[in-house]
Amino acid sequence: MSRIGLTPPDWLVRNLQAQQAPVNRAAVARAAVAMSLPLAVGLAVDQAAYGALASMGALSGVIGDTADAYRMRILNIAIPQLFGAVGITLGSLVYGQGWTAVCAVTAVALVSGMISTIGAVASVSGLLLLLNSVVGAGLPMPGDWWLAPLLMTGGGLLVLLLALLAWPLRSGVPERAAVAAAYRTVADLMAACGRAEYDEARHAVTQSLNQSYDLVLARRARHHGRSPELTRLLAQLNAITPVVEAVPAAHLSGQPLAPEIPDTVRHLARAVETGYTGPIGLKLPVPVSETSRAVDHALRHAAEVVAVPDVDPRGIDDRLGRPAALGVRAARAARNVALSAASWRYGLRLALCIGLAQALVSIVPVPRSYWVALTITFVLKPDFGSVFSRALLRALGTVAGLVVAAAVLSQVPRGWWDVPAMLLLAPLIPALTPRGYGYQTAAITPVILLLSDILNHQGTALLMPRLLDSLMGCAIALVAGYLLWPESWHTRVGDRLADAVADTAAYVEGAFGDDVEPAARARMRRRLYRDLSVIRTEFQRALTEPPPMGRRAAAWWPLVVAVERIVDATTAARVRVRHGAPPPSSAEVGQVTLQLRELADGLREAETLYEVRTDLTGPAGSVLEPVRQEVAAARAITSPR
């Protein structure tokens with residue numbers, strides 16, 4: 001019994017568990033060069049403080065250096081640097097002005113929080129806007145008002161320059177690699193047919209397709225279809241979609257596919273990655289059923305598309321819809337931010353916490369008090385995961401980072417020895433960031449303290465104040481940014497899951513409706529899978545929170561998987577109809593959609609599991625029989641145990 005009592009809770013184990021991810025060696029090398037070179041230049045010209053500021057800018061560039069495609073690197077690094085320059089300028093203007101500084105930084109926090117809800121690039125931009133304004137308001141900047149933003153922006157742009165060095169030699173390689181990776185995940189999915197690993201493999205396919213479409217369509221939106229290479233890649237992505245649609249039918253048959261079939265998809269992946277356009281020999285078994293005919297037909301079509309050297313862009317439809325022009329998307333994002341309750345709610349939440357932190361350190365003398373607000377800024381990110389788990393990991397990561405910083409600050413003499421120390425510490429940031437937020441914090445903490453020591457010359461005296469500041473920031477974020485908000489204690493993903501169930505009902509109708517075009521049906525299915533992928537991620541974040549949130553998420557988690565299986569079964573039924581099976585009657589389709597809409601309505605009204613009616617019958621041998629079984633299973637999940 002004592003052994004059971006000492007077992008840590010599941011939510012704590014999930015928080016502390018390191019994520020498995022490959023190390024980006026190129027990003028590691030860029031971090032080492034970009035953060036140590038400014039220090040060396042600053043020391044060489046006897047301006048170590050200027051070098052430290054440029055290295056701080058490089059740090060923000062290193063954090064944003066996550067994209068594979070070169071054009072995306074420009075967006076991910078350059079645009080946030082501009083917001084960071086605005087932030088450091090605003091902060092410097094109100095440095096030492098008491099309550100004026102408190103109000104100014106709080107207003108910046110409101111704007112930062114609202115724009116962070118737009119997307120990934122906007123989130124990093126909002127982060128740097130607030131971070132740099134907090135630093136500028138809390139630290140005296142050397143030189144004229146324009147020097148600090150210039151140095152920090154220059155450091156970030158140095159990371160971008162290093163990231164773009166290989167562009168002339170490797171243009172298009174990341175996009176081809178992403179599409180080839182999508183083909184390989186489909187091969188793994190086909191190999192998992194009829195096995196327990198199928199659900200995870202299908203989720204991996206969804207994530208890989210999302211990433212590939214985002215990468216190719218982001219570039220193609222700018223090229224407007226003028227790039228033959230990107231048009232060909234998009235055609236290859238579209239060609240794998242019928243294969244993905246045929247796989248659920250093979251899985252529901254309960255029989256594993258012949259090994260030659262996934263091997264063929266891997267062979268196509270190699271052709272995509274290398275740009276090969278010659279004849280592709282296929283060694284496929286003879287199809288003997290509706291399901292095998294669907295797989296065979298889809299694979300042969302994909303092989304034809306991969307082998308074609310030139311693709312007419314007019315014949316390519318974007319399965320997720322062609323992105324709007326940049327100006328249209330910017331105006332739409334600005335309108336959504338201004339009118340969205342979610343963006344205002346998050347902005348006010350962040351502004352409240354930052355305002356409390358700034359007011360607290362204005363009343364209570366805290367040395368280098370900007371660290372409190374910095375901690376809050378990192379913890380309260382809407383797209384970075386659970387606030388509770390991030391506060392916990394921030395505290396633990398800070399303690400680990402302080403141990404490393406204590407060794408560096410006590411043993412490394414100030415001056416030129418800081419350069420080799422930075423060469424060793426900076427690469428840890430991109431190496432450990434994919435492992436989790438706690439690991440990233442442990443890597444960033446000694447780097448920031450080393451740079452702060454160059455600016456302030458406080459040595460190991462920095463350590464304990466930084467620990468106290470981090471704990472204060474975590475406490476404010478937990479209380480004012482988590483506990484005081486009712487949504488923290490409810491299943492926040494419930495409405496989104498209900499919307500996905502309602503969209504699934506619409507997909508069932510569209511799958512067997514004569515008035516729905518194949519391209520529109522494909523877009524509907526892809527968007528539905530994308531939404532379910534986001535919901536799965538949100539649930540996994542919720543599982544890292546303590547009860548009651550984590551317990552509720554765990555109770556509803558099987559329903560997420562059940563809805564994914566309903567979509568799979570519907571796709572499989574549609575494939576069978578397309579290859580010769582009798583279509584279901586409108587009454588059968590209406591019965592399934594009615595049950596799904598009832599389930600969606602129940603999810604919107606329920607906080608806990610409740611008993612529901614499951615009344616699904618139909619003709620034996622109907623293609624909708626697997627769909628009815630999956631819907632019945634989903635309804636049963638919502639019944640109390």
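The salt bridge (Lys or Arg N to Asp or Glu O under 4.0 Å) test applied to Arg597 returns Glu509, not counting sequence neighbours. Evaluation of the side-chain contact (heavy atoms from CB on, under 4.5 Å) rule for Ser586 yields no partner, not counting sequence neighbours. Under the ring pair (Phe, Tyr, Trp, His ring centres under 6.0 Å) criterion, His203 pairs with no residue, sequence neighbours left out. A search for salt bridge (Lys or Arg N to Asp or Glu O under 4.0 Å) contacts involving Arg565 returns Asp199, not counting sequence neighbours. Qualifying side-chain contact (heavy atoms from CB on, under 4.5 Å) partners for Ala500, counting only residues two or more places apart in sequence or in other chains: Leu532, Ile535. Scanning for ring pair (Phe, Tyr, Trp, His ring centres under 6.0 Å) contacts around His579 gives His297, with sequence neighbours left out. Taking the side chain to side chain donor-acceptor pair (under 3.5 Å) definition, one finds that Tyr198 meets it with Asp568, sequence neighbours left out. With sequence neighbours excluded, the residues that form a side-chain contact (heavy atoms from CB on, under 4.5 Å) with Ala26 are Asn24, Arg30. Residues that satisfy the salt bridge (Lys or Arg N to Asp or Glu O under 4.0 Å) test with Asp188, not counting sequence neighbours, are Arg266. Shown here are the salt bridge (Lys or Arg N to Asp or Glu O under 4.0 Å) partners of Arg176, two or more places apart in sequence or in another chain: Glu229.
Rounded to the nearest 0.5 Å, atoms CD1 (Ile240) and CG (Leu209) are 8.0 Å apart. The distance from atom OG1 of Thr433 to atom CZ of Arg435, rounded to the nearest 0.5 Å, is 11.0 Å.
Side chains of Ser125 and Val121 form a contact here, defined as non-hydrogen atoms less than 4.5 Å apart. No side-chain heavy atom of Val305 sits under 4.5 Å from any side-chain heavy atom of Asn238. Using a 4.5 Å heavy-atom threshold, the side chains of Arg270 and Arg184 count as touching. You'll find the side chain of Val247 reaches within 4.5 Å of the side chain of Cys193, heavy atoms only. Two residues are said to be in side-chain contact when any heavy atoms from C-beta on lie closer than 4.5 Å; Leu624 and Val627 meet this criterion. Between Arg574 and Arg525 the shortest side-chain heavy-atom distance does not fall below 4.5 Å. The shortest distance between side-chain heavy atoms of Leu497 and Leu559 falls below 4.5 Å. The shortest side-chain heavy-atom distance between Arg536 and Val561 falls under the 4.5 Å cut-off.
Leu528 and Asp503 get closest at one heavy-atom pair: CD1-CB, 3.8 Å. Across all non-hydrogen atoms, the minimal contact from Ile566 to Glu630 is CG1-CB, 3.7 Å.
The main-chain N or O of Ala182 is found under 3.5 Å from a side-chain atom of Ser208 such that the two form a donor-acceptor pair. Of the possible donor and acceptor atoms, one in the side chain of Ser212 sits under 3.5 Å from a partner among the backbone N and O of Ala178.
The list of salt bridge (charged side-chain N to carboxylate O under 4.0 Å, His left out) pairs with a residue in residues 298-307, not counting sequence neighbours, reads Asp296-Arg300. Judged as a ring-ring contact (aromatic ring centres under 6.0 Å, His included), not a single pair has a partner in residues 507-538 (not counting sequence neighbours).
Judged by distance alone, the side chains of Glu588 and Ser622 do bring a donor and an acceptor atom under 3.5 Å apart.
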